[in-house]
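Take a look at the structure below.
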Amino acid sequence: MDASGELAGMLPKKQNLDERLKSLINKAPLVVFMKGEPENPRCGFSRTLMEILKEINLPFFSFDILTDEEVRQGLKTFSNWPTYPQVYVKGELIGGLDIIKEMKADGSLLDALKGE
């Protein structure tokens with residue numbers, strides 16, 4: 001069966017990585033890719049981002065990149081952003097912690113995270 005290709009037609013197709021990443025970044029209006037969980041960040045950058053987002057108090061979807069190496073490496077290429085955490089609003093990359101801190105300092109963060 002394998003040599004004839006019949007088996008491939010019977011197996012579920014693996015989702016293309018780009019499709020998977022697009023699906024993840026559009027899972028909610030505000031999406032965060034981070035190391036760890038919001039309640040238990042596993043690096044200082046993710047911890048600082050969670051403190052900022054707690055102040056903003058907007059709902060968001062988070063993805064722990066430490067649980068999926070394919071997503072962790074693939075998203076760096078997909079987004080052309082080499083570090084984590086990464087913040088997306090309505091499917092568009094806003095940036096990492098440095099950008100979020102700058103936006104907080106200049107007062108533009110809340111509107112940006114709301115997609116306004």
Side-chain angles (χ1 to χ4, degrees):
M1 261 184 16
D2 191 32
S4 69
E6 288 179 59
L7 186 60
M10 297 166 62
L11 295 172
K13 297 213 183 321
K14 185 176 180 217
Q15 191 177 22
N16 173 305
L17 179 59
D18 280 356
E19 291 171 12
R20 187 166 172 229
L21 295 173
K22 285 178 190 172
S23 174
L24 285 169
I25 67 174
N26 287 289
K27 197 115 176 147
L30 178 56
V31 178
V32 176
F33 291 87
M34 62 182 286
K35 293 180 180 176
E37 301 288 330
E39 310 78 33
N40 188 24
R42 300 209 21 219
C43 82
F45 299 110
S46 292
R47 182 173 296 106
T48 301
L49 178 62
M50 290 302 102
E51 290 167 3
I52 292 170
L53 291 180
K54 195 178 286 186
E55 291 173 25
I56 299 291
N57 200 27
L58 290 174
F60 63 92
F61 169 78
S62 69
F63 186 90
D64 180 358
I65 57 149
L66 297 177
T67 64
D68 191 319
E69 190 63 22
E70 185 179 45
V71 169
R72 180 181 184 175
Q73 296 305 324
L75 193 60
K76 290 178 185 182
T77 303
F78 182 86
S79 66
N80 197 27
W81 195 268
T83 59
Y84 290 100
Q86 292 184 13
V87 178
Y88 290 79
V89 174
K90 296 182 179 175
E92 296 292 324
L93 177 67
I94 296 296
L97 179 61
D98 53 343
I99 303 294
I100 297 299
K101 287 167 96 173
E102 287 174 17
M103 294 173 89
K104 181 182 178 194
D106 72 18
S108 65
L109 183 59
L110 182 57
D111 287 344
L113 294 182
K114 287 181 175 179
E116 296 175 355

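Only heavy atoms go into these numbers, but all of them, side chains included; no hydrogens, no water, no symmetry mates.
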Audit row: Met103, Ile94, side chain to side chain contact (heavy atoms under 4.5 Å, CB included) steps and yes/no: CA-CA 10 Å; Met103 294 173 89; Ile94 296 296; 3.7 Å; yes
Greater than 12 external heavy atoms within 6.0 Å of [X]'s [atom1]:
X      : atom1 : answer
Asn80  : CG    : no
Glu92  : CD    : no
Lys101 : NZ    : no

For the atom pair [atom1] ([X]) and [atom2] ([Y]), what is the distance rounded to the nearest 0.5 Å?
X      : Y     : atom1 : atom2 : result
Arg72  : Asp68 : CZ    : CG    : 11.0 Å
Tyr84  : Leu75 : OH    : CG    : 4.0 Å
Leu110 : Asn57 : CG    : CG    : 10.0 Å
Leu30  : Lys90 : CG    : NZ    : 11.0 Å
Met50  : Arg47 : CE    : CZ    : 11.0 Å
Lys104 : Glu55 : NZ    : CD    : 3.5 Å

Can you check whether Leu109 reaches Ile52 side chain to side chain, under 4.5 Å on heavy atoms?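 A side-chain contact under 4.5 Å exists here.
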Show the atom names and distances, to 0.1 Å, of all donor-acceptor pairs under 3.5 Å that link a side chain in residues 34-45 to residues at least two apart or in another chain.
none

Between Leu66 and Ile25, is there shared hydrophobic-cluster membership here, with clusters defined by ILVMFWY side-chain heavy atoms closer than 4.5 Å?
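No, separate clusters.
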Between Tyr88 and Ser79 the two heavy atoms that sit nearest each other are OH-CB, 3.0 Å
Minimal heavy-atom distance between Val89 and Lys114, with the atoms involved, is CG1-C, 4.4 Å
| request: Evaluate the side chain to side chain contact (heavy atoms under 4.5 Å, CB included) criterion for residues Leu113 and Leu53: first the C-alpha distance (whole Å), next the side-chain angles of each, then the deciding distance (0.1 Å), finally the verdict. | output: CA-CA 9 Å; Leu113 294 182; Leu53 291 180; 3.6 Å; yes
With sequence neighbours left out, the residues meeting side chain to side chain donor-acceptor pair (under 3.5 Å) with Asp106 are Ser108
For residues 53-79, the ring-ring contact (aromatic ring centres under 6.0 Å, His included) pairs (sequence neighbours left out) are Phe33-Phe63
